[in-house]
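Everything below concerns the one structure shown next.
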Amino acid sequence: MSKFYITTPIYYVNGEPHIGHAYTTILADAMARHYRQRGADVFFLTGTDEHGLKVQRAAEELGISPKELADKNSASFKRLFEKLELTYDRFIRTTDADHTKVVTEVVNRMKANGDVYLDSYSGWYAASDEAFFDESEIEDGHVKSSGAKVEWVEEKSYFFRLSKYQEPLLEWYNTNPHSVQPDARRNEVASFVASGLRDLSISRTTFDWGIEWPDDPEHVLYVWVDALTNYITGVGAFHDQALFERFWPCDVHLIGKDILRFHAVYWPAFLMSAGVELPHQVFAHGWWMNDGKKMSKSMGNFIDAFELADTYPLDLLRYYLMREMAFGSDGNFVHERVIGRNNSELADNLGNLVNRSQAMTQKFCEGNVPAFHELDGDLGREISLVAEKAQVTLEDMSHLMDEREPHRALERLMEFSSDLNQFIAVTQPWALNKRGETQALESVMYTLLEGVRWLAVMLCAFLPKTSELILAGLGVESKAFESLKWGGLKSGESLTNIDVLFAKMELPVKEEVKEEPKIEAKKEGPKAAEEGIITFDHFMAVELKVGHILSAEKVEGADKLLKLSVDAGEESPRTVVAGIAKSYAPEDLVDQRVAMVANLKPRKVFGTLSQGMLLAVETEDGGLELARYSANVKAGTRIS
Ligand code: MSP
């Protein structure tokens with residue numbers, strides 16, 4: 001492995017970063033870190049896509065210039081990536097000066113190759129996808145696949161001879177099975193190309209937020225030509241030859257499945273036309289759902305990336321995102337599952353392993369890495385088995401990363417962690433200590449600590465902070481895979497104490513009420529939307545009722561929750577699980593009349609289906625106070 005160049009899509013600056021943006025960039029970061037550990041010369045590129053109609057319109061709505069909007073939101077992505085401690089080598093912006101020059105050169109090369117002609121375009125355009133669509137791809141004024149609204153466009157336009165590249169593209173897919181992955185995506189793209197390619201309109205005249213067409217200032221360049229070119233600008237195309245030769249062709253363009261056509265059809269065609277080598281691979285991952293539902297602007301249920309980063313420790317977030325989504329398929333984000341994986345996999349498996357190995361080293365080996373002695377018999381066999389498993393895990397995980405199956409690589413590492421826990425259970429160091437079998441005890445403890453070192457090194461790409469803590473505790477500096485020679489841990493090294501790596505977590509109670517789609521402010525002009533104004537109809541869509549609490553009890557294992565039976569004036573009482581146990585004793589609530597949201601979709605909280613949400617305020621001392629009514633008010637009365 002000599003070099004590894006990885007890119008993420010560059011993100012539109014019309015909005016704030018969400019989970020999808022965080023996911024791809026974290027994955028790319030894990031891959032970059034992994035290949036660095038394998039000794040590759042790595043370049044990791046990410047950034048923002050700032051031109052085009054979509055950004056221009058978003059800026060107009062806010063009454064600011066597109067550049068102002070781009071500056072603001074690009075900074076927001078950058079801030080997020082810093083918060084997530086991502087190790088990119090360049091954050092490219094399509095408004096960067098070097099990028100304009102590279103894009104202009106690409107267009108000039110396309111022209112010189114006879115691939116561009118002037119004509120007029122008429123057809124459907126969807127600004128939010130920044131793409132043209134055929135009649136067959138549209139239903140009721142919207143794109144079938146994405147739901148984006150289309151508008152009719154008729155204007156003069158430069159065209160790119162995409163049709164000319166139909167055969168070369170098919171040849172590329174056929175002769176390079178790795179070119180587009182997973183296989184199903186390559187088949188999808190190949191059949192789209194085989195069904196016939198039409199030339200592509202690559203300039204617009206009806207707005208101006210874009211890179212000017214060389215020699216024809218009336219036109220701006222179609223934003224996807226501009227955006228895709230970032231992948232070569234980022235590594236110096238046409239302006240830093242040494243850098244370009246060092247990293248191009250790109251090893252993997254990581255993208256989401258919705259932008260496959262642009263990357264697996266248009267991009268290679270543009271490159272062929274411009275006489276640039278094709279990338280090694282385009283890999284399309286699936287989409288995150290929010291608790292089973294597709295995320296969309298109109299549903300208002302996008303999971304905000306900053307909120308995620310504030311809610312969970314960084315390594316847990318990385319772990320969950322990379323472990324939960326089978327790379328290539330869709331994934332479902334569920335807060336309970338983040339907590340579940342934290343508690344049962346990170347805390348109980350990995351955290352426990354590290355704590356036990358530390359505590360036993362303190363207790364049985366005076367806090368130092370013991371010496372290793374060759375052993376015969378069962379113990380000797382158990383020890384060589386651990387060494388073998390470590391080696392196999394290293395090979396498997398590297399192979400799985402090469403095959404772009406990071407979720408399985410991570411799974412293998414957690415299996416190795418279980419193996420090490422199992423090794424403790426089988427060898428019982430405490431019993432060896434009791435029997436005074438010092439050599440056996442030392443060898444077992446050495447093996448355990450060496451296993452933990454291997455595990456921590458292999459986990460660096462996924463859980464960088466945790467790995468660093470573990471390695472620092474062992475007094476180990478190198479994270480390079482080259483240092484993974486069994487027996488590399490130095491005997492006599494004294495261990496430094498590591499704090500609890502993963503504390504057990506409870507479901508953040510606030511999340512219970514956060515997950516329902518927000519009612520979007522009706523866009524009555526940018527000002528109203530900005531100030532969060534909603535119409536009366538929107539308010540009335542929330543059914544607020546008086547609930548009469550009939551009984552209340554604690555929820556076992558969740559010290560913030562109470563389970564209530566609430567009469568809402570209906571045939572039978574409702575069960576409501578509320579996060580108020582820190583502020584109210586169950587007996588204080590019986591017979592109280594409270595304000596309740598009655599038409600929230602019921603959801604399971606700690607195994608119980610909760611059929612309502614109580615309204616409360618947070619008091620200055622951090623407690624909660626319920627909105628209450630006197631006994632004169634009947635259960636079920638509508639609050640308005
Ligand atoms: N600007 C273009 C990309 C240009 S690349 C030359 C763009 N930007 S985007 O901000 O809209 O989307 C960026 C990425 O986020 C895409 O890969 C898209 O698939 C991904 N995601 C958007 N929603 C997502 C989920 N719900 N889940 C996972 N990824 C998702 O497209």
Side-chain angles (χ1 to χ4, degrees), residues 6-28 45-55 58 69-70 73-74 76-77 80-81 91-95 99 102-103 106 126-131 143 145-148 185 210-211 221-234 250 252-268 270-271 279 282-305 308 320-322 324-334:
I6 185 164
T7 66
T8 71
I10 47 171
Y11 305 113
Y12 284 131
V13 288
N14 62 313
E16 292 278 324
H18 59 66
I19 183 174
H21 303 127
Y23 171 67
T24 318
T25 325
I26 285 176
L27 256 172
L45 181 72
T46 189
T48 43
D49 185 356
E50 307 189 359
H51 292 128
L53 187 57
K54 170 167 163 147
V55 172
L69 180 64
N73 283 339
S74 179
S76 178
F77 275 98
L80 174 74
F81 297 165
F91 185 101
I92 192 168
R93 301 182 55 184
T94 49
T95 49
H99 182 63
V102 175
V103 172
V106 165
S128 79
D129 290 343
E130 293 285 17
V143 181
S145 56
S146 66
R185 299 280 170 218
I211 294 179
L221 202 65
Y222 175 39
V223 66
W224 274 99
V225 180
D226 165 355
L228 288 160
T229 302
N230 94 86
Y231 298 136
I232 56 173
T233 307
C250 180
V252 54
H253 291 309
L254 218 55
I255 58 163
K257 61 181 182 181
D258 54 315
I259 52 175
L260 183 65
R261 198 180 289 182
F262 302 99
H263 284 80
V265 182
Y266 300 172
W267 179 228
F270 295 163
L271 287 171
V282 172
F283 191 104
H285 63 67
W287 269 39
W288 281 100
M289 305 283 150
N290 181 353
D291 222 350
K293 289 186 217 90
K294 194 173 168 189
M295 288 185 268
S296 73
K297 266 212 163 134
S298 55
M299 289 276 285
N301 64 344
F302 265 112
I303 300 174
D304 180 86
L308 271 185
Y320 177 78
L321 292 178
M322 289 191 267
E324 185 81 13
M325 167 108 88
F327 205 31
S329 319
D330 284 341
N332 191 18
F333 191 95
V334 183

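Counting starts at 1 for both ligands and their atoms, in listed order.
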Just need the protein heavy atom nearest to atom 19 (O) of ligand 1, so name the residue and atom and give the distance.
Asp258 OD1, 2.4 Å

Give the atom numbers and elements of ligand 1 that come within less than 4.0 Å of a heavy atom of Ala227.
6 (C)

Looking at His263, which atoms of ligand 1 are within less than 4.0 Å of one of its heavy atoms?
5 (S), 6 (C)

Report yes if some N/O of Asp49 lies less than 3.5 Å from some N/O of ligand 1; otherwise report no.
yes

Run through Thr94, Asp49, Thr48 and flag the one making a side-chain hydrogen bond (donor to acceptor under 3.5 Å, both in side chains) with Ser74.
Thr48

Of the protein's non-hydrogen atoms, which lies at the shortest distance from atom 12 (O) of ligand 1, and what is that distance?
His21 NE2, 4.0 Å

Is it true that Tyr266 and Trp224 have ring centroids separated by less than 6.0 Å?
no

Atom 3 (C) of ligand 1 - nearest protein heavy atom and its distance:
Ile10 O, 3.2 Å

For atom 7 (C) of ligand 1, what is the nearest protein heavy atom, given as residue, atom name and distance?
Tyr12 CE1, 3.4 Å

Is any side-chain heavy atom of Phe91 less than 4.5 Å from a side-chain heavy atom of Leu45?
no

What is the closest protein heavy atom to atom 16 (C) of ligand 1, and at what distance does it sit?
Ile259 CD1, 3.7 Å

Do any heavy atoms of Gly286 fall under 4.0 Å from ligand 1?
yes

May I ask you to list the atoms of ligand 1 that are less than 4.0 angstrom from any heavy atom of Trp224?
2 (C), 3 (C), 4 (C), 5 (S), 6 (C)

For ligand 1, which atoms sit closer than 4.0 Å to a heavy atom of Met295?
26 (N)

Identify, for atom 22 (C) of ligand 1, the protein heavy atom at the shortest distance, and state residue, atom and that distance.
His18 CE1, 3.5 Å

Heavy-atom gap Lys294 to ligand 1 smaller than 4.0 Å:
no

Atoms in ligand 1 with a heavy atom of His285 nearer than 4.0 Å
28 (C), 29 (N)

Between Lys54 and Glu130, does any NZ, NE, NH1 or NH2 come within less than 4.0 Å of an OD or OE carboxylate oxygen?
no

Can you report which non-hydrogen protein atom sits closest to atom 6 (C) of ligand 1, along with the distance?
Tyr231 OH, 3.5 Å

What atoms of ligand 1 come closer than 4.0 angstrom to any heavy atom of Gly256?
17 (O), 19 (O)

Nearest non-hydrogen protein atom, atom 26 (N) of ligand 1:
Trp288 O, 3.1 Å

